[in-house]
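Written out below as structure tokens is the structure these notes cover.
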Amino acid sequence: MASQPSTYDLIRQHGIDRRTFLNYCTRITAAMGLGAAVVPDVVAAMENKPRIPVIWLHGLECTCCSESFIRSAHPIAQDMILNMISLDYDDVLQAAAGEQVEEIRRRIMKEHKGAYILAVEGNAPTKDDGVYCTIGGQSFLEILKETAADAKAVIAWGSCASHGCVQNARPNPTGAQPVKKIITDKPIINVPGCPPIADVMTGVLTYILTFDKLPELDRAGRPKMFYGQRIHDKCYRRPFFDAGQFVEQWDDEGAKKGWCLYKMGCRGPSTYNSCSTIKWNEGVSFPIGSGHPCLGCSEENFWDNGPFYERLSNVIVPGIDSTPDQLGKALTVLTVAGVGAHVVSQLVRTPKNGASPEK
Amino acid sequence: MDIIQQPLRFVPGETRFGQRYVWDVPIRLTHWVTAFSVITLFATGMFISWPIVGPGTGEPANHFLMGRVRQVHFASAYALMFSFIVRGYWFIVGGRYARSGMPRFWDRRWWNGLRIQILEYMSVETGPAHVGHNALAGVSYVVMVGGLGMFQILTGFALYSQSNPGGFWDSLLGWVIPLCGGSFHTQMLHHLASWGFVIFFILHIYIVLFGAARYKNGLAGAMISGEKFFREGDLDL
Amino acid sequence: MATRVVVDPVTRIEGHLRVEAMLDGSNRIQDAISSGTMWRGIEVILQGRDPRDAWAFCERICGVCTTVHALASVRCVENSLGITIPKNAEIIRNIMFLTQMVQDHVVHFYHLHALDWVDIVSALKADPAATASLARSVSPKWPLATEGYFRDIAGTVKKFVESGQLGIFQNAYWGHPAYKLPPEANLMAVAHYLEALKWQKELVKIHTVFGGKNPHPNYVVGGMACAIDLNSDNAINMERLNLVKDQITAAINVVENMYVPDLLAIASFYPEWTTYGGGLGNYMAYGDIPQNGIADVAKFRFPRGVILDKNLGEVLPVDPTDPEQIQEEIAHSWYQYPNGKTSLHPWDGVTEAHYSGPKTPYKELDETKAYSWLKAPRWRGHAMEVGPLARMLVGYASGRAEFKEVVNAALGKLKVGPAALFSTLGRTAARGLETQLAVHWLQDEYDKLIANLKAGDSATADTHSWSPETWKPESKGLGFTEAPRGALCHWIHIKDKKIDNYQIVVPSTWNASPKDGKGQHGAYEAALIGTPMADPKRPVEILRTIHSFDPCLACASH
Ligand code: HEM
Ligand code: HEM
Ligand code: NFV
Ligand code: SF4
Ligand code: SF4
Ligand code: F3S
Ligand SMILES: [Mg+2]
């Protein structure tokens with residue numbers, strides 16, 4: 001591997017001058033939320049390292065994480081694939097098919113034992129021996145375990161791989177489970193979101209390449225640099241929230257003025273993601289910016305936290321399916337009724353001439 | 001059960017029949033701080049959950065309704081927490097009534113007391129008059145106020161910690177959120193638990209009034225004066 | 001002895017597809033089966049949920065055709081609840097729909113399909129100057145056609161290859177005898193592969209403006225969540241509209257001066273592929289892009305209809321509400337129906353998984369048994385092909401002028417007759433031609449939006465039936481659209497404010513379907529039959545035909 005050219009060599013060979021290269025390093029540094037002080041480190045890393053092999057597996061998914069990935073603006077997907085990583089296996093983009101592809105996966109696992117990154121999009125069905133997702137006749141569950149065994153680290157793309165996502169929503173017909181439930185002996189970086197923001201995806205990868213270490217993770221195994229704060233704490237509609245000015249209905253006065261979407265069910269107050277800072281598609285907008293409440297798509301089990309347009313979800317225990325307030329009110333009425341019944345029973349039974357209990 | 005035989009004080013004119021000083025100052029103080037903060041927390045909490053009124057149109061910088069209500073919620077939250085701390089401390093160092101009613105699940109006599117109390121409220125059987133809390137009252141305070149209150153404090157401050165990742169409350173209580181199944185669920189549970197206080201409140205007030213009316217034990221004012229009084233009977237003290 | 005060629009995974013598609021082809025002695029495909037090897041159970045997961053949330057679940061059926069399931073879903077709920085959306089919402093949805101179609105088709109052509117026809121390694125031998133003049137002759141208006149530009153690209157390819165780390169391009173079929181392009185055409189295609197990759201992320205910003213993000217922009221039942229207020233800096237205003245407009249202008253340039261010229265240039269090197277891969281010859285389109293509400297089918301830009309047995313002389317009517325017309329069978333699918341039923345209309349549809357295939361890991365499927373996670377939808381008992389080719393043929397056969405114009409122009413350029421359309425290449429070409437229509441429609445829809453705003457209408461949502469309190473105790477509805485891959489429809493049953501049943505029949509379910517009870521093949525299977533293979537170990541021919549459908553298996557099985 002030592003004889004392989006570094007990212008910088010490759011960029012240079014593509015006829016890109018040093019200024020553009022430095023400029024590019026500054027941009028990705030900024031994208032990672034790092035200060036100007038670390039730009040020289042980025043430059044050094046880009047100058048000296050060969051491209052790291054990446055195996056990108058696809059399980060039960062909608063492939064939207066891949067779609068998001070190719071929307072990245074800095075760096076663009078082309079730079080990522082041609083200059084920064086060696087995307088050796090990815091059945092969505094791979095030129096070869098069938099046996100030839102599986103052969104690549106086995107070869108990379110052997111030749112780069114302990115050195116490749118395993119990127120997982122989607123997740124694995126665990127019911128019925130995993131027959132709900134097979135590749136080359138093998139269950140994805142097996143493929144995932146097998147490929148993770150010799151990986152240096154695992155990146156769990158999107159809410160599918162991080163949390164289970166839509167196929168894991170009640171009643172989870174296939175027993176879909178996120179990567180962390182299946183791989184327990186490897187560092188896993190969860191990059192949730194349905195899908196994650198493109199530049200978050202490339203930001204995580206470039207961080208690993210540049211600093212030669214995994215990003216600092218929070219309690220949920222997410223890179224702090226992108227999932228450190230709630231949408232709500234950095235939402236541009238927050239002044240309306242604090243003021244108490246809310247959209248009450250689609251297309252109302254408040255909607256036109258861009259008031260807070262809290263009463264439309266916004267999950268921003270319980271969602272950790274970069275949407276309200278980095279925004280989507282090169283900063284054009286984000287869900288709230290275009291008038292729709294946040295669905296909480298980067299949060300664990302968010303699909304089961306509906307109805308999405310209600311502030312709170314229903315309480316679902318066998319026999320009960322109501323909002324917390326309906327339940328609370330019902331219990332209150334029951335209590336009042338119980339008290340009433342007691343009053344009545346006491347009026348009937350208590351002797352008239354003394355409050356003291358008889359001995 | 002910790003039964004102390006102590007003669008009743010009979011000083012007609014000065015004290016009332018069977019009068020006892022039961023609730024000393026820290027108990028009364030924490031009781032009222034707890035009561036007012038819980039009521040405020042419930043009211044502000046419900047407003048936060050569904051802000052029924054708003055300032056309407058106008059410059060957001062001139063309004064801070066939601067923000068203010070949240071501030072009140074948080075101020076009451078601190079009050080509740082300190083009140084709990086003081087009451088907890090007093091539980092250890094306070095007089096014997098400070099520990100009365102404490103559920104003793106391992107003690108058959110406690111279970112018996114609970115049974116008798118329930119039957120008494122149903123007017124089926126009568127038991128002794130209690131100077132401190134009876135078993136039923138005790139268990140309801142410990143579970144419905146102590147337990148639920150602790151739960152609200154834990155989930156509440158965990159929710160509160162979210163706006164300052166890495167801060168004091170986050171490092172202290174950050175573990176609560178994943179334990180509750182994520183931020184959204186923590187909020188759901190915090191909301192749901194609020195209703196427990198409504199139910200407690202109704203039962204609590206009723207029983208205080210009922211006790212006062214039925215046994216003429218002065219309960220209605222006991223948490224103000226600290227005095228309870230008894231007409232006759234076996235006192236468990 | 002027949003050889004059995006197994007391609008699994010079929011790559012450069014969405015989802016997990018397995019193809020098994022049986023070859024005769026001269027390596028011609030005599031029988032084939034297509035198997036969807038994943039299932040998530042979205043229809044099961046939807047049960048019992050709030051119908052207004054359904055679009056978000058459905059949208060996650062697929063991130064490649066992101067949007068179309070959300071669109072079909074809000075339409076089916078609106079249909080069920082009797083909601084008519086405001087005009088602006090209809091136009092914005094049309095704009096989003098067309099944006100998706102254009103982006104998806106271009107990405108399919110360059111990033112998923114091109115490598116079946118383009119040999120990257122051969123591009124190394126190209127002369128940059130000759131490539132530039134080729135590019136200019138193919139598309140005189142495309143500016144990136146200089147020698148220096150192509151030298152840079154050639155350098156990129158060269159250094160990439162020399163790095164020894166070939167990434168997604170390794171171990172492929174370079175040098176296969178089925179590749180026919182000269183090195184210069186290959187280099188030009190590689191350059192445009194990269195250009196398209198850079199550009200596609202720009203176009204989708206239209207979704208971000210109206211839907212807040214892409215992939216998976218937001219919809220709402222009753223209209224769109226993005227309010228319009230030209231005097232607000234927090235709603236759709238002039239700046240937002242300008243962004244949309246610019247992207248449309250850029251898209252027209254890319255499609256007219258890069259995509260379509262490339263497509264026709266490449267196609268001209270593969271005339272034999274206008275004779276392979278035709279398959280069923282039955283085509284179906286529900287139609288879409290309403291101009292006067294979803295109920296006025298006659299005014300759709302994409303007309304509705306069925307063509308049976310390649311008969312362009314007759315367009316038959318389609319009614320997805322009719323239980324006699326649309327049915328899903330499960331004879332060769334890993335599902336079971338109650339009471340021994342074998343086919344059901346989606347309103348009465350049932351999704352109950354029942355795996356009966358081989359234990360993993362397996363080498364072969366048994367085509368006499370169940371072999372796929374796809375059901376087999378049929379129209380009046382016929383297997384149908386849906387998609388760009390079906391839409392172009394229905395438009396053509398319905399006598400729509402704009403369809404005839406683009407189709408005839410392309411046929412003229414390639415010097416072939418309409419029969420050439422019934423083929424692998426016909427399918428691939430139809431996709432490009434439809435994209436050409438789509439970019440101009442995009443402009444038209446934008447102009448309509450402006451005109452409507454000018455007329456003083458800024459409504460984007462109808463909220464009369466938003467509250468579940470206003471709903472009938474029980475209702476049913478359906479929502480159709482023409483997704484990039486073809487006719488898509490969602491059927492819903494709402495009961496007591498909840499989803500009682502939700503059934504989805506997807507374009508790729510039609511195309512990639514397994515055999516039905518009568519043994520009739522699905523469209524992929526039928527299209528593969530008859531194709532000769534040069535080297536069965538390197539299945540380029542199978543990939544070509546399968547890719548011409550642009551498979552999406554996450555969609556197909558959902
Ligand atoms: C939400 C409001 C309230 C809460 C959470 C609450 C809670 C409590 C608690 C925890 C105790 C046990 C005291 C201890 O051992 O420290 C208690 C006792 C008591 N509370 Fe309250 N309280 C509330 C409202 C009230 C009100 C409004 C009254 C007056 C009418 C009242 C009257 C009493 C009395 C008389 C006792 C002593 C009962 C006994 O002797 O067993 N409480 N309350
Ligand atoms: C009796 C005790 C309490 C009650 C009844 C109560 C009630 C509530 C309710 C009903 C909500 C609205 C939940 C929702 O629907 O989103 C809420 C929110 C909240 N509560 Fe409490 N709460 C209590 C104690 C506390 C405590 C001790 C804290 C500690 C700081 C706290 C912090 C919060 C926070 C941070 C929120 C979220 C509000 C926001 O940030 O917008 N609560 N509470
Ligand atoms: N088949 C399919 Fe889709 C499309 N187009 C949806 O309906 O791709 Ni994912
Ligand atoms: S996380 Fe969401 S977007 Fe990504 S594959 Fe899963 S369903 Fe699709
Ligand atoms: S729109 Fe959502 S995230 Fe933004 S301030 Fe309102 S509630 Fe918070
Ligand atoms: S829905 Fe997802 S995209 Fe962002 S604003 Fe909410 S986390
Ligand atoms: Mg279906």
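In what follows, chains are A, B, ... by sequence order, proteins preceding strands, each numbered from 1. Here the structure is a predicted model, which is why all the values come from computation and not from measurement.
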To the nearest 0.5 Å, what is the distance between OG on B:S49 and CZ on A:R311? 4.5 Å

Looking at CE of B:M188 and CG of A:N314, how far apart are the two atoms once the value is rounded to the nearest 0.5 Å?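 If we round to the nearest 0.5 Å, B:M188:CE and A:N314:CG are 7.5 Å apart.
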
Counting heavy-atom pairs closer than 4.5 Å to chain A, which one of [options] comes out on top?
options	result
B:G174, B:P178, B:G166	B:G174
B:I202, B:L159, B:I199, B:T186	B:I199
B:H185, B:M122, B:Q187, B:H191	B:H191

Below 4.5 Å from any heavy atom of chain B, which atoms of [X] appear? Answer side chain, backbone, both or neither.
X	result
A:R238	side chain
A:Y262	side chain
A:T323	neither
A:R219	side chain

Among residues 145-157 of chain B, those lying within the under-4.5 Å heavy-atom range of chain A are none

Smallest separation among heavy atoms of [X] and [Y], with atom names:
X	Y	answer
A:Q346	B:Y121	NE2-O, 3.3 Å
B:S163	A:D233	CA-OD2, 3.2 Å
A:P269	B:Q162	O-NE2, 4.0 Å

When you look at OH of B:Y78, are more than 12 heavy atoms from neighbouring residues, nucleotides or ligands closer to it than 6.0 Å?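 Yes - once you tally the heavy atoms of other residues, nucleotides and ligands closer than 6.0 Å, there are more than 12.
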
Do other residues, nucleotides or ligands put more than 12 heavy atoms under 6.0 Å from A:K181 NZ?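 Atom NZ in A:K181 is not crowded, with 12 or fewer foreign heavy atoms closer than 6.0 Å.
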
Decide yes or no on side-chain contact (heavy atoms from CB on, under 4.5 Å) for B:F184 and A:N301, but give the supporting numbers first. CA-CA 9 Å; B:F184 183 83; A:N301 299 328; over 6 Å; no

Walk me through whether A:K329 and B:V198 qualify under side-chain contact (heavy atoms from CB on, under 4.5 Å). CA-CA 9 Å; A:K329 283 174 193 160; B:V198 176; over 6 Å; no

Kindly indicate whether the side chain of B:M46, heavy atoms from C-beta on, has any atom under 4.5 Å from the side chain of A:D325.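 They are in contact (side-chain heavy atoms under 4.5 Å apart), so the answer is yes.
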
A:V343 side chain near B:Y206 side chain, heavy-atom distance below 4.5 Å: yes

Selection from A:G254, A:A220, A:C260, A:S313 maximising heavy-atom pairs under 4.5 Å formed with chain B: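 Of the options given, most contacts go to A:S313.
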
Which one of A:D218, A:N305, A:T271, A:L327 has the most heavy-atom pairs closer than 4.5 Å to chain B?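 Result: the option with the highest number of such pairs is A:N305.
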
In terms of heavy-atom proximity below 4.5 Å to chain A, should B:I48 be classed as side chain, backbone, both, or neither? both

Of all residues at least two apart in sequence or in a different chain, which pass the side chain to side chain contact (heavy atoms under 4.5 Å, CB included) check with A:E300? A:H163, A:K180

Could you tell me which residues satisfy side chain to side chain contact (heavy atoms under 4.5 Å, CB included) with A:A176, sequence neighbours excluded, listed by chain and number?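 Only A:L60, A:N123, A:Q167, A:N168, A:N172, A:T174 meet the side chain to side chain contact (heavy atoms under 4.5 Å, CB included) criterion with A:A176.
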
Would you list the atom pairs, donor with acceptor, under 3.5 Å between side chains in residues 50-72 of chain B and any protein atom, with sequence neighbours excluded?
from	atom 1	to	atom 2	distance (Å)
B:T57	OG1	A:K257	NZ	3.1
B:R68	NH1	B:Q71	OE1	2.8

